[in-house]
Amino acid sequence: MKIFYKTRATATGGRSGHTALDDGSLAFDLVRPGSGAGGVNPEQLFALGYAACFDSALSMVAQQMKLAVSSKTSVEVGIGQRAEGGYALDIDIHVETTGIGADEAQKLIEATHQVCPYSNATRNNIDVRLHVTTL
């Protein structure tokens, strides 16, 4: 694989610690979900990245499919305990489109799910559900 870009982040203290990009451009205090403390949790950070990546991939795929479409992508990331032990993520991707019909929108998000790097990383490992709304 040809690598186009690589970044590095370092965390200390786990879910109740701190994480930062090694270049110093972004840093967060981390908190456990539901703790009520100020900060963010890893699932929120994953949701931010996945939403941005998927929406960008969607624009690229729409261009390849010659579709004039506008989109907004939201990603919900949940965490839970697996029946066989350990923990796993659970993901819902919600895409709102304007400019195309429901059938085209469904084909577009399914094609996007095949090329998005986050989708490729999670495939066959995390439950991911796709939802599309046409406006």
Side-chain angles (χ1 to χ4, degrees):
M1 175 171 71
K2 180 180 178 184
I3 304 295
F4 297 118
Y5 173 76
K6 198 174 208 177
T7 190
R8 180 178 167 144
T10 300
T12 56
R15 289 181 167 273
S16 299
H18 186 80
T19 190
L21 293 175
D22 286 7
D23 68 6
S25 65
L26 189 63
F28 294 99
D29 289 327
L30 299 172
V31 297
R32 293 184 182 275
S35 71
V40 298
N41 62 62
E43 291 73 35
Q44 291 171 312
L45 297 173
F46 190 79
L48 286 168
Y50 204 158
C53 189
F54 196 91
D55 202 59
S56 182
L58 188 137
S59 293
M60 181 193 74
V61 172
Q63 199 171 34
Q64 291 171 347
M65 294 173 72
K66 299 183 181 355
L67 297 173
V69 62
S70 296
S71 66
K72 179 172 86 171
T73 301
S74 301
V75 174
E76 293 177 283
V77 176
I79 186 169
Q81 192 161 14
R82 298 168 26 159
E84 58 274 10
Y87 297 89
L89 298 177
D90 180 80
I91 298 172
D92 284 278
I93 300 173
H94 299 269
V95 177
E96 290 181 8
T97 62
T98 55
I100 59 175
D103 289 341
E104 284 180 312
Q106 187 65 41
K107 289 177 187 171
L108 175 60
I109 67 165
E110 288 173 7
T112 300
H113 192 49
Q114 296 304 308
V115 300
C116 173
Y118 278 63
S119 292
N120 287 329
T122 60
R123 187 167 289 108
N124 300 321
N125 187 39
I126 298 174
D127 288 334
V128 178
R129 289 165 301 281
L130 304 172
H131 311 274
V132 65
T133 303
T134 54
L135 304 175

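Keep in mind the model is a prediction, meaning the values are calculated, not measured. Quick note: numbers below take in every heavy atom, side chains included, and nothing from hydrogens, waters or symmetry partners.
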Student: Would you mind listing the cluster partners of Phe28? Hydrophobic ones only (ILVMFWY), side-chain contacts under 4.5 Å, chaining allowed.
Tutor: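 For the cluster that includes Phe28, the remaining residues are Leu21, Leu26, Leu30, Val40, Leu45, Leu48.
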Student: What distance do Asp92 atom CG and Arg129 atom CZ have between them, rounded to the nearest 0.5 Å?
Tutor: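 The CG atom of Asp92 sits 4.0 Å away from the CZ atom of Arg129.
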Student: Who are the ring pair (Phe, Tyr, Trp, His ring centres under 6.0 Å) partners of Phe54, not counting sequence neighbours?
Tutor: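 So Phe54 forms no ring pair (Phe, Tyr, Trp, His ring centres under 6.0 Å) with any residue.
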Student: If I take atom CG from residue Asp127 and atom OG1 from residue Thr122, how far apart are they, to the nearest 0.5 angstrom?
Tutor: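 Rounded to the nearest 0.5 Å, the CG-OG1 separation comes out at 10.0 Å.
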Student: Please check if the side chain of Arg123 supplies one atom and the backbone of His113 the other of a donor-acceptor pair under 3.5 Å.
Tutor: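 Here the side-chain-to-backbone pair exists.
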Student: Which atom names give the shortest non-hydrogen contact between Ala11 and Thr19, and what distance separates them?
Tutor: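 Of all heavy-atom pairs spanning Ala11 and Thr19, the closest is CB-OG1, 3.9 Å.
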Student: Do the non-hydrogen side-chain atoms of Tyr118 and Ile91 ever get within less than 4.5 Å of each other?
Tutor: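 No, their side chains stay 4.5 Å or more apart.
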Student: Val115 and Ala57: which non-hydrogen atoms are nearest, and at how many Å?
Tutor: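 Minimum heavy-atom separation between Val115 and Ala57: CG2-CB, 4.3 Å.
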Student: Show the atom names and distances, to 0.1 Å, of all donor-acceptor pairs under 3.5 Å that link a side chain in residues 67-84 to residues at least two apart or in another chain.
Tutor:
residue	atom	partner	partner atom	Å
Ser71	OG	Asp55	OD1	2.8
Thr73	OG1	Asp55	OD1	2.7
Glu76	OE1	His94	NE2	2.7
Arg82	NE	Glu84	OE2	3.0
Arg82	NE	Gly85	O	3.4
Arg82	NH2	Glu84	OE2	2.7

Student: For Gln63, is the CD atom crowded, meaning more than 12 foreign heavy atoms sit under 6.0 Å from it?
Tutor: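 No, the 6.0 Å shell around CD holds no more than 12 heavy atoms from other groups.
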Student: Find the distance between OG1 (Thr98) and CD (Glu96) and round it off to the nearest 0.5 Å.
Tutor: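 Going from the OG1 atom of Thr98 to the CD atom of Glu96 covers 9.0 Å.
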Student: Please check if Val31 and Phe46 belong to a single hydrophobic cluster, counting links between Ile, Leu, Val, Met, Phe, Trp and Tyr side chain heavy atoms closer than 4.5 Å.
Tutor: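 Looking at the clustering, Phe46 is in a separate group from Val31.
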Student: Under the side chain to side chain contact (heavy atoms under 4.5 Å, CB included) test, which residues partner Asn41, sequence neighbours left out?
Tutor: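 With neighbours one apart ignored, the set is Arg15, Pro33, Glu43, Gln44.
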Student: Show which residues join Tyr5 in its hydrophobic cluster (side-chain heavy-atom contacts under 4.5 Å, direct or indirect), or state none.
Tutor: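 Besides Tyr5, the hydrophobic cluster comprises nothing; the residue is isolated.
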Student: Under 3.5 Å, which donor-acceptor pairs do the side chains of residues 102-109 form with other protein atoms, sequence neighbours left out?
Tutor:
residue	atom	partner	partner atom	Å
Gln106	NE2	Glu110	OE2	2.8

